[in-house]
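What follows is a short report on a single structure.
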Amino acid sequence: MREISYTEALREALTEELRRDAGVFLMGEDIAAYGGAFGVTRGLAEQFGPQRVLNTPISEGSFVGAAVGAALSGMRPVVEIMFMDFIGLAADQLLNQAAKLRYVYGPQARCPLVLRTPTGGGRCYGPTHSQNLTAWFLHVPGLRIAAPATPADAKGLLKTAIRDDNPVLFVEHKMLYGRRGDVPEDADFTVPFGRARVARPGTDITIVAWSWMAVEAEAAAVELAGQGIEAEVIDLRTLAPLDIGTLVESARRTARVLIVEEVNRTGGVAAEVSAQLVEQVYEYLEAPVRRLAAPDVPIPASPPLEKAMLPNRHTIARAALEMVQGA
Amino acid sequence: MREISYTEALREALTEELRRDAGVFLMGEDIAAYGGAFGVTRGLAEQFGPQRVLNTPISEGSFVGAAVGAALSGMRPVVEIMFMDFIGLAADQLLNQAAKLRYVYGPQARCPLVLRTPTGGGRCYGPTHSQNLTAWFLHVPGLRIAAPATPADAKGLLKTAIRDDNPVLFVEHKMLYGRRGDVPEDADFTVPFGRARVARPGTDITIVAWSWMAVEAEAAAVELAGQGIEAEVIDLRTLAPLDIGTLVESARRTARVLIVEEVNRTGGVAAEVSAQLVEQVYEYLEAPVRRLAAPDVPIPASPPLEKAMLPNRHTIARAALEMVQGA
Amino acid sequence: MVDLPYSEIARYRLMLLIRRFEETVEELFSRGQIQGTTHPCTGQEATAVGVCAALGPGDAVTSTHRGHGHFLARGGDPNRMMAELYGKATGYSGGRGGSQLMADYALGFLGGNGITGGSIPVATGVALAIKMQGRAGVAACFLGDGASNQGTFHESLNMAGLWKLPVLYVCENNQYAMSMPVRASVPIADIADRAAGYGLPGVVVDGNDVEAVQAAAAAARARALAGEGATLIECKTYRLSGHSRGDQRRYRTRQEEAAARERDPINRWRDRLFERGLLDEAADQALRAGVEEAVRDAVRFAESSPYPDPATLGEGVFA
Amino acid sequence: MVDLPYSEIARYRLMLLIRRFEETVEELFSRGQIQGTTHPCTGQEATAVGVCAALGPGDAVTSTHRGHGHFLARGGDPNRMMAELYGKATGYSGGRGGSQLMADYALGFLGGNGITGGSIPVATGVALAIKMQGRAGVAACFLGDGASNQGTFHESLNMAGLWKLPVLYVCENNQYAMSMPVRASVPIADIADRAAGYGLPGVVVDGNDVEAVQAAAAAARARALAGEGATLIECKTYRLSGHSRGDQRRYRTRQEEAAARERDPINRWRDRLFERGLLDEAADQALRAGVEEAVRDAVRFAESSPYPDPATLGEGVFA
Ligand SMILES: Cc1ncc(C[n+]2csc(CCOP(=O)(O)OP(=O)(O)O)c2C)c(N)n1
Ligand SMILES: Cc1ncc(C[n+]2csc(CCOP(=O)(O)OP(=O)(O)O)c2C)c(N)n1
Ligand SMILES: [Mg+2]
Ligand SMILES: [Mg+2]
């Protein structure tokens, strides 16, 4: 193991899988010479050639559809949508093609497609370059969803995604790209889908988070520890399948759950997690499950507005403190 | 008042608003001579001419975008998407244009756009002609969402939608079109957004539903009454704004809430309603909030499979009974 | 099922089979035997058969909502197709897909599509895979005149043009998209002319002439196999039936339909076979009887098949 | 702001203003004064100014992610634009929109767009409204070469062709979509040729010649006002700057850029003004100084403006 960045971890996963399996190829806008808007694929076109690191025209609806066709034909496309804000353009192909083919056509249809996409705020990119629309796809049966928060998970989950025979939505985060962490060098290192990561064990409250908010939640737990509160932080890692078991087990112990996400509050992932937890651990809870999320507004570009919009370690710690003290 | 069908009620609302306001016009596929796939606009082209009942090419992404442009320019387009299953094609225009313009550009930008769309199963139309994707748009700040379950609400909410200065997603249901009910004739009859309809008062349990499921829930309440259980049935009517107040008040009285919807369980509207209720009435509840929804699979065409997939009066009654008896 | 390599008589028989299949399906729907909806391809048999006759076994076909003819022409089993329409367990999709969603990957038939224009990028991606894998093959992508107005048409043909992909974009211009006459949805005379915007050849062909369609498809296929890329073939034809069941056809006249019926592709092919001495009345009757019997068998098969077990509803969402 | 009716000198001044504005914005970004991102239109000043010079006050303009030049050319206030880039309350969108999302409806400037191709249908709908309302006006829709590959381009031009809508689709072919050279994303020589697929005229113009652009736009506008419908105008130009800040421009050579700089639209216009005796060194210096001062003022205005109050974050989502 050595420390590398989240970006490098992703690139390593891509490199290893491109090497391992001739069926794997990358497609997306500006992923070759430019290396993608966030540099994830930098150098790969030089290494693997422009056929396997394929720049596409600006045609999100159809290059995702083309990836579906390629996947059905024995390839393993890894598609990049430059910002998740643009995924509406490809939503139909994910919803009505990729996600449904297996269920309708049975085992003859195999759609091993990975759609990687950067998400999230924190960079003042404004209303159409900061969104995370993952919640939409939680509502689409037939899609797997991964959203790693650490470099190790970035590598391990991306490799699992590429090897999976189902369409996988792979949610990255702009604030995570530069973060460094220990990542196994083993080319067979993978992280399984459907297992949450206990980022920090604790006893007083369970803080559930995903993607960048998992990092902020961990920092909040450090703050809280300073005040004598031991928060357990659980990083969902994959949203579909969702590891409800780990959450249930933790909630039973702590009796308090705070779910944190960066996205607009209404209709987010946290709503689903909350509903499931209530269904399963209601009698163990000493307080209502609480959600901390962004308010229901488009995400503004202006630095102070964006900052006010997004949860962070301090607002998380404050919400957790209130829950623990309110009991 | 006289009894008319849900379809006639919609048509009456369109007719009255077309007459009242020269800025109102309809656009969509096959809405003129054909009258739309479900006949809602039948006869309107003859009455108002092909300019105001405008057939579009099959270009969902752009005719919704064109409606945005027209709305910004002083018109009040009422767009039809033939089946909500196709809304992915227009998702970007709703998400990144219609919903955001007001917030970003302020009062100079007015986007009075209504997007009507038939939804739902029950007709064996199969995986790509039976979906209801309303939950996606719950997660989009800046959109209003109405989903009437009765002819009167169909008329009253559609008129409110057309007169509203915001983009409105107007969710219809194939099983509702033929249903009849009393509808006021008054051309100024409207139904306000943000007020749920208590379809049936009750004391033992609150059943929350929307669209077609509100009808099934009412029928379930009749079944339950036969067994001595008085269920209160609340039809959400509008999902954005969501009338959480009426739900909270009811839940406090009944202490039990069952939320019913026809859509895939995970990431649905019910998750949001559940999460909000738990946040607000946790201490009043005698049982966990329960959701009854479709399983997480694409909706199959085969009659027995489709039937097994969708909640109905009997499965609703059974779930409610279990909750009341389980207490 | 198909009497390869699509002899003259085999093509005739397939066209008859498609016609009889569609007529029967319409009857069954109106008798309430089948639920859901269906889009008959009556009148368009020559495009389906002409294109499939030009394809090889390693090629792939994507279809549309109006896909029964494409599937039968590619060798689809009428029994399993009919069973699918009935929503039966023995149907191609075990009843899950219905009329628009049946496929047989072993036949290289990748299925219809409920989304107008939805299969165009998929076919393009199939061709991309074929090219990447260095295989000799093409993707044949059926699409309608209405579908040529979808963004996916533009985006896909552009990628095919850029990457010289082996695709045959077969636009069945049947004069209508549901109720929209093509002249009200496409502002130019020939959809084929759109190909120029992507550096592709565009060909107009009489879509009711099975040989002409086959020749155009064969030429386009040869071109694709030679590495020269895609072709857009516009087949001018006519949808003799309504758009789907329940269509009152208020948007066109009966006279127009009668005139179109004069150009019935099956009669035209039959006449040509008679002229060439390949068919006579007796043989024609025998073929028709055989087709009639095949479709009756399909209905029997469908009706006697079990429905899927509702307990299986949740199975197979994921691989 | 604009010295209407866009005299020769006014156009020159606007081009200088755009150039200086963009250069300053790039500096401010690299000094960390501005957050987020920006897409400079350096080198494309003639298209923005040429088109806007041909428009009337009742016309509407939709822009792109690379929209500062369009806005300035249409009369946008540099102060409020700069404040928007700074995320200040005095910015056009109160800081909410940033570089890509500023608008002034009173000027008929409907804003930029974060979605490549996203404004094409919107502009088309604006034109539909103009037509329905019987107003004399056009919508001018700026789009890039890359955007011409989006489905919305196809769908929108098709509707404009069908309904004879008064739109000017102005494709600024600046040779690149981010890192993609146009020859790698469009398989034909002239994007203008795509117009034929929609029954529209397509015109190629030297996008670095402000008069040529203006003439083409004026002709297209006259055509639209006469009820003859839309035109696609392809302006061949070159993006002298990187795609956005931080772009290393690894996808092209410095030689290519140097050659392009030889065709700088501002210098060309300046030379012509000199030739015509409309400009001399002193006047040029004065204009440059004035522009310099205007941009400095804009920076001062932006820097001295307050940030929006975070308490307003939740306001104004709905009308
Ligand atoms: C995205 C989408 N929009 C609309 C429809 C409804 N619809 C189904 S078929 C059809 C007409 C298609 O016309 P065309 O492409 O010419 O094919 P044809 O029906 O003539 O075979 C329409 C509007 C759909 N299924 N999908
Ligand atoms: C839907 C969408 N896809 C991708 C992007 C990212 N992006 C922004 S600008 C751009 C290039 C656009 O190229 P072009 O249309 O030629 O305009 P130019 O940048 O050259 O002005 C890309 C890929 C985006 N903003 N929206
Ligand atoms: Mg057609
Ligand atoms: Mg460009």
Side-chain angles (χ1 to χ4, degrees), chain B residues 28-39 42-43 45-46 50 54-63 65 82-83 85-90 92-93 121-131 174 264-266 294-310, chain C residues 34-37 65 84-89 91 93-101 112-118 144-153 176-182 184-187 243-244 246-252 306-317:
Chain B
E29 292 160 13
D30 305 286
I31 61 167
Y34 202 97
F38 296 95
R42 194 161 293 159
E46 288 81 341
L54 186 60
N55 267 350
T56 62
I58 308 176
S59 307
E60 283 82 1
S62 291
F63 70 70
M82 195 182 287
F83 289 78
D85 307 69
F86 314 151
I87 206 165
L89 294 164
D92 176 70
Q93 286 290 328
R123 294 213 177 179
C124 301
Y125 284 169
T128 58
H129 284 68
S130 309
Q131 298 167 90
K174 297 176 201 102
N264 296 124
R265 178 183 190 84
T266 300
D296 288 328
V297 306
I299 178 166
S302 176
L305 293 183
E306 190 193 53
K307 185 150 181 291
M309 168 127 185
L310 302 175
Chain C
I34 302 183
Q35 308 299 313
T37 192
H65 57 287
E84 186 60 32
L85 288 164
Y86 270 78
K88 295 298 181 77
S93 304
R96 290 175 172 185
S99 167
Q100 304 185 64
L101 299 175
N113 216 294
I115 306 300
T116 303
D145 48 290
S148 87
N149 297 320
Q150 283 286 34
T152 50
F153 173 90
Y176 288 91
M178 202 156 157
S179 71
M180 277 286 263
V182 64
S185 81
V186 177
H243 168 70
S244 61
D247 178 359
Q248 307 292 315
R249 311 189 323 283
R250 270 189 288 261
Y251 46 83
R252 67 188 191 190
Y307 278 112
D309 180 353
T312 62
L313 174 68
E315 293 171 8
V317 177

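Protein chains get the first letters and strands the later ones, always in sequence-line order, with residue 1 at the start of each.
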- Message: Set out, in order, the CA-CA distance, both residues' side-chain angles and the distance that settles side-chain hydrogen bond (donor to acceptor under 3.5 Å, both in side chains) for B:S59 and C:N149, then state yes or no.
- Response: CA-CA 6 Å; B:S59 307; C:N149 297 320; 5.6 Å; no
- Query: Given that the side chain runs from C-beta out, which part of C:L313 has a heavy atom under 4.5 Å from chain B: side chain, backbone, both or neither?
  - Reply: both
- Pairwise side-chain contact, B:D30 with C:H243, heavy-atom cut-off 4.5 Å (strictly under): no
- Note on the structure: When the 4.5 angstrom heavy-atom criterion is applied to C:F153 and chain B, the contacting part is neither
- Smallest separation among heavy atoms of B:P303 and C:G87, with atom names: CD-CA, 4.4 Å
- Item | Least distance between heavy atoms, B:P304 atom then C:P308 atom | CG-O, 4.3 Å
- Query: What's the shortest heavy-atom distance between B:A33 and C:Y251, and which atoms?
  - Reply: CB-CB, 4.2 Å
- So what's closer than 4.5 Å to chain C heavy atoms on B:E306: side chain, backbone, both or neither? neither
- Interchain contact, C:N113 with chain B, by part (heavy-atom threshold 4.5 Å): neither
- Item | Closest approach of C:G314 to B:V297 (non-hydrogen atoms, all atoms of both residues) | CA-CG1, 3.8 Å
- Nearest non-hydrogen partners of B:A308 and C:P310, listed with the distance: CB-CB, 3.8 Å
- Candidates C:M178, C:R249, C:R250, C:M180 - the one meeting side chain to side chain contact (heavy atoms under 4.5 Å, CB included) with B:Y34: C:M178
- To the nearest 0.5 Å, tell me how far B:I58 CD1 sits from C:I115 CD1. 11.0 Å
- Can you tell which part of C:Q248 gets under 4.5 Å to a heavy atom of chain B, answering side chain, backbone, both or neither? neither
- Task: Heavy-atom distances under 4.5 Å only: say whether C:T312 touches chain B with side chain, backbone, both or neither.
- Result: side chain
- Message: If we define contacts as heavy-atom pairs under 4.5 Å, which of C:D247, C:T152, C:V186, C:L101 has the most with chain B?
- Response: C:D247
- Determine, stepwise, if the pair B:E29 / C:T116 fulfils side-chain contact (heavy atoms from CB on, under 4.5 Å). CA-CA 12 Å; B:E29 292 160 13; C:T116 303; over 6 Å; no
